[in-house]
Participant: 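There's a structure below that I have some questions on.
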Amino acid sequence: MLLHLCLSKQQVKAQCPTDFEFRQSLKKIEENTSVPDSENLEQLLKLQQSYLKCRPFKDSIYARIVHRAGGIYSKTGEIEKAISFTREAIAVNRKSRKADASFLANSYFNLGTFYSRIYRYEYTHRSLDECVATGKKFPSKYFLVFMAYEQKAYLFFQTGDYEKGIETADEGILFAGIVKDTLAEGALLCQKAQAQIELNDLEKAEQNIKDAISIFYGNPLNSNRLATAYAVYAQLLKKNRKYHTAVQYYLQSNQLNETTGNWAQCSRDMLNLGYLYDSHLHDTAKALNAYEQGLQMADKSKDDYQKSGLFINIGYLYWRQKNFDQALHFYQKALNALPVHFTNTSITSNPDLKMLMLVSNDYFVSTLLSNKAEALLDLYKIKKDTTLLKTALKTFRLADKTVDLMRWKQYGEKSKLYWREKTNTMYEHAIEACYLSNDVRLAFFFMEKSRAVLLNDKLNELGASAKLPVQESVNENKYRMAVINAQQKWISSTSGKTEKEKIQAEMLAAKTDFDHYIKKLEQKYPSYYHYKYSSEVPALDKLQHYLIKEKASFVHYFMNDSVTYMLKVTARNAELFKLKKEQFNPSKINDFMQMCSEKQTLLNHYNEFALLSSELYKSLFKPLKLPAGKVIICADHFLVPFEAFTSDNHGKEFLLRKYIFDYVYSAGYLLKPWGNKAANGNFAGFAPSRYQQYLKVADLNNAVFSLEKAAGFYQGARLFTNKEATKNNFISHIEDYSIVHVFSHAKADKNGNEPLLFMQDSVIRLTELPLWNHQIATRLVILSACETNAGKSAAGEGIYSLARGFTAAGIPSIAATLWKADEQAIYAVSVYFHKYLSQGLSKDKALQKAKLDFISENSMEKFLPYYWANLVLIGNPEPIQFTTNTNLWWLILAVTVTILIVGIGYYKKFKNPEGKTFEKVTGQP
């Protein structure tokens, strides 16, 4: 029996093909394109079984066999099998002794493509990243590297993360320059321009797309590429309102795509062309014709999302014509077309959240649901059927959930801001539906979801980092700071093109490394992931409980060009108000702020100011009928000192005398448990006074004196003045003190330039503010500098100011300025402020009393809001609990004596009239 078995093995071995024969058989199958896929697949599977029988281990030949089988499975629509076979090919080529490392690039690219077909974009990106990393090692695989870059950039574009799309395209363009691949550069310039158009960076987009067209034009082999470039250029022309020229380029693109059978791109061309005819040229017949052609082409390409998108646009066309029934019919068809197996055709039904979580293109679905909800709301206004209103509210809730899903998948800040602005209209209509249904609790929910979401994400991220092991937290911060440093180096670079490209490559690599590290953390630590992506909104009851404790009122303002909503919340009730544009014009906010910030204007036109101030009071405050006392204001893209409103027409009765105002980014931010650690000291102060010459800012001669007066109210104070008021000292020390006060210069504007805070030796940029991954002691930062509350306004996110930057770094309260400060006034108000803070008053009450003291103890001119209304409190208003460590005196004395003995440092003891001490770290001016 044993002898017979041995002979059988020898017979089998003798019948086995050689490696050369296996390769030839595989090559024959690969080249046999005239037979059906099923026949080639059958041959590949037989070859696979034969190889397993004949070889003791799997090698590169086997990997190539299963790789090809995976490719055919993808053609027949069996994507799960395609993925399984391709993963096996990768596993073999990564581990086998006879592996073909270069072929990994092919398998990773295929795997990424297969994942994208089932909308698993996270795995797609991971596979394409591996393709790039592998392919760059082998010149013969560079073509795959560029295909991977292009697909990644397009996927980011599809999911609305335009900033990441641009970064990915830039990485590919830089590599194309290195290896001198002009065609690859052209393809990536197209992708980059496409994203830039969405972000309204039109000048750069135009240059990039024209460069791409010049690369592809004139070569028939590049017709698909040229068609894509024409379509992108048409988008640009549409943005520039050159509608008829845009039509011609869409038609040229479509003609080229039809020639090559690129039905997916044909369908996109028809979608864009139809929208252009409908929304800009108002030609309904041509729009519907384009959409009908697009649907036929979507059927050919089997693209469910494209089909759904066409139904959305047809619905939008009917909505614009106020045919809401027909609009809702097509919106429902769009939901049914999505690849989530939702088949209910009733307009009162929606997919559930589990279905929607299968969708990769979240911004697409949020737009669809928002459109449907708005149409339901419009139909309700005509028919007064409460079922429609209830369905609209449910649909708005579901749309909001998809917005959360979308935001969590995006890494680019610009993209997130873009979609925050896009979704702002949705929240406006959702609040209107709440107003019509008298649902105040849901109105509070939508106002909170419309407000400072990205700031909340930043704070959640800090909290999530506390759940990581210490070393992981340290590593995360290193990656983050590497990105910030690389960005600043790139922005400030004045080098030539070659060096600039090198610096850009370093920046993009730092961002990629950071993104990959964060993804690993999210997979490895579930509690980190859950905390980071928490989107809970506090219940209205929780806010009211807080208001009872604080004896305060709360007001949410939601404002745009056409309507303003005001939600009043007190301990006992809540009420929603609506102001139409004829009742209140938001532009008057800007007029008021401009007058407040200009001393001479106030002196010359005080009567006009008084009337404007009174008018704002009557519109935005008086209707609320709030009791005297504390009022917490939550506004959107404006920040105005309500204490400077007057209840009379003569400008004498400022609300400052009757109300204590505090400003917050959201109720959730107000109620957030900050968990600050115990402080090592009560007060740290920074006063550069005189600056490095290259900074080009004026000296502040009274800064040190005023800082010393402020510090005199506290035990455990430490001052950094003159040459010791450095950027490094600031970042290194502020986290250990309850209160940090800066007397310095700052710079900000509304044009998107990054806000700056000046130290003696350098500037601190908004993006450079400390990002602690552990608990900090700081409860309050006071910025006695110009315009520290100024910056670019972002819809739903507030002002991107230095104050917001400190908040995002985990500090619960900031006192900051709204306009260019009068030096003497801001210093005086600050000193009064510390007097009352040190007595244990709440922060908002302390600031109110400081302003009242300033007015009463100065001349009549100082009655102008220009002097005292500038500094406002943002954040948690509760009193600060100061440390009372009696050993601190002896510790300071011992350290001081020791340092004096060894002969270093300049520590001195000071005593103020009240007998309190502080430590001063100073340098010669």
Participant: Testing the basics here: between Asp59 and Val92, what is the closest heavy-atom pair and its distance to 0.1 Å?
Facilitator: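 Closest approach of Asp59 to Val92, heavy atoms only: O-CG1, 3.3 Å.
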
Participant: Verify, without hydrogens or angle tests, whether Ser308 (side chain) and Asp304 (backbone) share a donor-acceptor contact under 3.5 angstrom.
Facilitator: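 No, the answer is negative, given that no donor and acceptor are paired below the 3.5 Å cut-off.
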
Participant: Verify, without hydrogens or angle tests, whether Gln306 (side chain) and Ser267 (backbone) share a donor-acceptor contact under 3.5 angstrom.
Facilitator: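 Looks like yes, one N/O pair under 3.5 Å.
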
Participant: So, for Phe22 and Tyr51, is the gap between ring centers shorter than 6.0 Å?
Facilitator: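 They qualify: ring centres under 6.0 Å apart.
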
Participant: So, is the end of the Lys333 side chain (NZ or CZ) under 6.0 Å from the ring centre of Phe311 and within 45° of the ring's axis?
Facilitator: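 Because its charged atom sits under 6.0 Å from the ring centre and within 45° of the axis, Lys333 does stack over Phe311.
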
Participant: Would you call the rings of Phe175 and Tyr142 parallel, tilted or perpendicular, where under 30° means parallel and over 60° means perpendicular?
Facilitator: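 It falls in the perpendicular class, over 60°.
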
Participant: Answer with yes or no whether the side chains of Ser349 and Asn344 bring together a donor and an acceptor at under 3.5 Å.
Facilitator: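 There is such a pair between these side chains.
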
Participant: Is the Tyr154 ring parallel, tilted or perpendicular to the Phe157 ring (thresholds 30°, 60°)?
Facilitator: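 Parallel.
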
Participant: For Asp299, which residues count as a salt bridge (Lys or Arg N to Asp or Glu O under 4.0 Å) partner, sequence neighbours excluded?
Facilitator: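 Expected list: Lys307.
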
Participant: Measure the spacing between OG of Ser74 and NZ of Lys81 and express it to the nearest 0.5 Å.
Facilitator: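 Output value for this atom pair is 13.5 Å.
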
Participant: What's the shortest heavy-atom distance between Tyr249 and Ala234, and which atoms?
Facilitator: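 In terms of heavy atoms, the two residues are closest at CB-CB, 3.8 Å.
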
Participant: Please report the closest heavy-atom contact between Leu26 and Ile61, naming both atoms and the distance.
Facilitator: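 Heavy atoms only, the tightest pair is CD2-O, 4.5 Å.
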
Participant: Can you measure from CG (Leu271) to CD1 (Ile314) and round to the nearest 0.5 angstrom?
Facilitator: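 These two atoms lie 9.0 Å from each other.
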
Participant: Does Asn40 use its side chain to pair, donor to acceptor, with the backbone of Asn32 at less than 3.5 Å?
Facilitator: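 Yes: the side chain of Asn40 pairs with the backbone of Asn32.
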
Participant: Could you state the interatomic distance from NE2 (His125) to OG (Ser116), rounded to the nearest 0.5 Å?
Facilitator: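 Spacing of NE2 (His125) from OG (Ser116) equals 9.5 Å.
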
Participant: Less than 3.5 Å apart, any donor N or O on the side chain of Gln191 or Gln194 sitting next to an acceptor on the other?
Facilitator: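 Gln194 and Gln191 do have a side-chain donor-acceptor pair below 3.5 Å.
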
Participant: Under a 3.5 Å threshold, yes or no: a donor from one side chain and an acceptor from the other, between Asp37 and Tyr73?
Facilitator: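 The answer is no; no qualifying pair exists.
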
Participant: For residues Asp303 and Ser301, is any side-chain donor paired with an opposing acceptor at under 3.5 Å?
Facilitator: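 There is no such pair (donor and acceptor under 3.5 Å, judged by atom type) between the side chains of Asp303 and Ser301.
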
Participant: Taking all non-hydrogen atoms of both residues into account, name the closest pair between Ile209 and Tyr233 and its distance.
Facilitator: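 Looking at all heavy atoms of both residues, the shortest contact is CG2-CD1, 3.7 Å.
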
Participant: Look at the side chain of Ser25 and the backbone N and O of Glu21, then say whether any donor-acceptor pair between them is shorter than 3.5 Å.
Facilitator: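 Between the backbone of Glu21 and the side chain of Ser25 there is a qualifying donor-acceptor contact (under 3.5 Å).
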
Participant: Could you tell me whether the side chain of Asn222 and the main chain of Arg225 form a donor-acceptor pair under 3.5 Å?
Facilitator: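 No, the answer is negative, given that no donor and acceptor are paired below the 3.5 Å cut-off.
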
Participant: State, without any angle test, whether Ser253 and Asp269 hold a side-chain donor-acceptor pair at a distance under 3.5 Å.
Facilitator: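 Yes, side-chain donor-acceptor contact under 3.5 Å.
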
Participant: If I compare all heavy atoms of Leu144 with all of Ala105, which pair ends up nearest, and what's the gap?
Facilitator: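 That closest heavy-atom pairing would be CD1-C, 3.9 Å.
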
Participant: Mind checking whether Phe103 and His67 have parallel, tilted or perpendicular rings, split at 30° and 60°?
Facilitator: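 If you compare the ring of Phe103 with that of His67, the planes turn out perpendicular.
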
Participant: Measure from the side-chain N and O atoms of Ser127 to the backbone N and O of Tyr123, and report whether any donor-acceptor pair falls under 3.5 Å.
Facilitator: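 Such a contact is found between Ser127 side chain and Tyr123 backbone.
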
